[in-house]
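Worksheet for the structure shown next.
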Protein chains: 2
Amino acid sequence: MIELKNIVKSYRRGSEELQILKNVSLSVEQGDFVAIIGPSGSGKSTLMNTIGLLDVPTSGSYVLEGVATEKMSDNRLAELRNTKIGFIFQQFNLLPKLNAIENVELPLVYSGVPRKERRERALRMLGLLGMEGRGHHKPSELSGGQQQRVAIARALAMQPSLLLADEPTGALDSRTGAEVLELMIQLNEQGNTIVLITHDAHIAESARRVVSIRDGQIVDDKRLAPL
Amino acid sequence: MIELKNIVKSYRRGSEELQILKNVSLSVEQGDFVAIIGPSGSGKSTLMNTIGLLDVPTSGSYVLEGVATEKMSDNRLAELRNTKIGFIFQQFNLLPKLNAIENVELPLVYSGVPRKERRERALRMLGLLGMEGRGHHKPSELSGGQQQRVAIARALAMQPSLLLADEPTGALDSRTGAEVLELMIQLNEQGNTIVLITHDAHIAESARRVVSIRDGQIVDDKRLAPL
Ligand SMILES: Nc1ncnc2c1ncn2[C@@H]1O[C@H](COP(=O)(O)OP(=O)(O)OP(=O)(O)O)[C@@H](O)[C@H]1O
Ligand SMILES: Nc1ncnc2c1ncn2[C@@H]1O[C@H](COP(=O)(O)OP(=O)(O)OP(=O)(O)O)[C@@H](O)[C@H]1O
Ligand SMILES: [Mg+2]
Ligand SMILES: [Mg+2]
């Protein structure tokens, strides 16, 4: 489903060139549940942004569901980002002018889900995450962990075939984190693909596969459970 | 040093009033190391913002170092916030137009530390946090955990007599988190006061005292080690 080959990502700063991803190749099949672990600054979010079509590699190829992403039109890229890929960002990236419910509904709006169903799915997902009663709050009126849960609800309400989650439980206490993990395991058992970045060993060991990154390169790749 | 009595904090939303802190009283003596724990949304950050003079309670009194904060002038409040209290925010709050070094130096600028010493202290603290080589990056050019380390360096470079830390290791792997904890223990052993919010049981058990908050009220207060 995801086929990254020889991905290089670098940034130019003045005269020097900083290589963030150094020749990364990675294959992920439909239905897998991959945890990406590694030290701070090692390139995990950069790798996830590449997979999520938010960032174009400096060189290398990315084939997604059999189609070369370099050949996709901007419209097609936007459609995939907005309707097929669910994103939980490391810093949430909620829209500040929309309340929690509206933030969660946004991908469903893009996918053309009818208004009544959209509202039901958003409320149901917020409820599963303990956010009932806070749906009309804007992000600035929510605690850190509540904002993270809205970001999680927004991604999960889509029932995405590919979920990309960057440190999805960083701001949550361990019990809420365990509930979030449970929802992701359910999504995966329905056949959807998950790639998640985590510092939490407990979450990593619940994945089917653990990929370790260090200094912009993949240094380990362990299968924990079969597909 | 910190004397909160009957603190109430509420927000009005349309016709209803949401009580976030419900009659909270808390005393913290100079040199203590207090961990605040509790579920997401229970009021921890709101309590810390009150202690840090970033937010005024709806009612109740806050006496800081023997002076009633309600009586302090705006200049005095700003001076305390900028030069005596070190803050590590849950969402970092770095200044986007300044690079890492400049962000770390800012409180030292307010305290009138001379330029050469300011630069040395900032570089030294960034180095202790593994950030050498990234000092000239702006926040948008840093990973999540790197931004958090800049926020930590900014607070610690001040050697503040009161450090307020809101989930200071949320974005860090456990080894870097342990190094950060070590720096805070050292600061406390020099006689400074620390109040920190954490979801990490390991960090909480390294404090001298653990205060538990649930639903806007203090429900437990355990001394783990003497002052
Ligand atoms: N402007 C506001 N209007 C209404 N409610 C608010 C506002 N700001 C915060 N709240 C509410 O205050 C409560 C406490 O928030 P606070 O940020 O103190 O929680 P917290 O304990 O730090 O949570 P977390 O662990 O998730 O960071 C939350 O339920 C939040 O929804
Ligand atoms: N615009 C940029 N210019 C230069 N360097 C950058 C830029 N953006 C990111 N970087 C660098 O890319 C590296 C990898 O960043 P990335 O966000 O992928 O790390 P990460 O593994 O997700 O870290 P963390 O666990 O802290 O979130 C970092 O060292 C960062 O400094
Ligand atoms: Mg990251
Ligand atoms: Mg908080």
Side-chain angles (χ1 to χ4, degrees), chain A residues 11-14 16 18 20 37-49 89-92 94 99 129-131 133-134 136-150 166-167 169-177 179-180 197-202 204 212-214 216, chain B residues 11-14 16 18 20 37-49 89-92 94 99 129-131 133-134 136-150 166-167 169-177 179-180 197-202 204 212-214 216:
Chain A
Y11 291 106
R12 209 168 297 128
R13 289 185 58 81
E16 57 167 42
L18 256 183
I20 306 302
I37 63 176
S40 170
S42 55
K44 306 180 295 297
S45 297
T46 304
L47 177 61
M48 182 161 286
N49 289 343
F89 293 98
Q90 190 168 7
Q91 272 146 19
F92 318 153
L94 299 176
N99 66 27
L129 290 161
M131 288 289 296
R134 287 284 187 275
H136 295 284
H137 288 228
K138 295 199 174 63
S140 60
E141 300 168 325
L142 294 173
S143 76
Q146 290 169 341
Q147 291 175 32
Q148 188 161 49
R149 283 181 276 164
V150 174
D166 196 343
E167 313 272 1
T169 58
L172 302 174
D173 51 83
S174 50
R175 181 167 139 217
T176 315
E179 290 167 15
V180 168
I197 295 170
T198 184
H199 286 308
D200 186 333
H202 173 239
S212 305
I213 293 193
R214 176 176 293 281
Chain B
Y11 290 106
R12 208 169 296 127
R13 290 186 58 81
E16 59 168 39
L18 256 183
I20 307 302
I37 64 176
S40 169
S42 54
K44 307 180 295 296
S45 297
T46 303
L47 177 61
M48 183 162 284
N49 289 342
F89 293 98
Q90 190 168 7
Q91 273 145 18
F92 319 153
L94 299 176
N99 66 28
L129 290 161
M131 288 289 295
R134 288 284 188 275
H136 295 285
H137 288 227
K138 295 198 175 62
S140 61
E141 300 168 326
L142 294 173
S143 76
Q146 290 169 339
Q147 290 174 31
Q148 187 160 50
R149 282 180 276 165
V150 174
D166 196 342
E167 313 271 2
T169 59
L172 302 174
D173 51 83
S174 49
R175 181 166 140 217
T176 315
E179 289 167 15
V180 168
I197 295 170
T198 184
H199 284 308
D200 187 333
H202 173 240
S212 304
I213 293 193
R214 175 176 293 280

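These numbers were taken from a predicted model, which means no experiment stands behind them.
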So, the part of Ser40(A) with a heavy atom under 4.5 Å from chain B: the answer is both
Sorted by chain and number, sequence neighbours left out, side-chain contact (heavy atoms from CB on, under 4.5 Å) with Gln91(A) holds for Asn93(A), Phe92(B), Gln147(B)
Greatest number of non-hydrogen atom pairs under 4.5 angstrom with chain B, of His137(A), Arg134(A), His136(A), falls to His137(A)
When rounded to the nearest 0.5 Å, the distance separating CG of Asp200(B) from CG of Asp173(A) is 12.0 Å
Cut-off 4.5 Å, heavy atoms of chain A, and the answer for Arg175(B) is neither
Pair count under 4.5 Å, heavy atoms only, with chain B: among Glu167(A), Lys44(A), Arg149(A), Gln148(A), highest is Arg149(A)
Taken in chain and number order and not counting sequence neighbours, the residues that satisfy salt bridge (Lys or Arg N to Asp or Glu O under 4.0 Å) with Arg13(A) are Glu141(B)
Bottom line for Gln90(A): the part with an atom under 4.5 Å from chain B's heavy atoms is side chain
Okay, Leu18(B) and chain A: the region with an atom under 4.5 Å from a heavy atom over there is side chain
Most contact-rich option vs chain B, by heavy-atom pairs under 4.5 angstrom, among Leu172(A), Thr176(A), Thr46(A), Asp166(A), is Leu172(A)
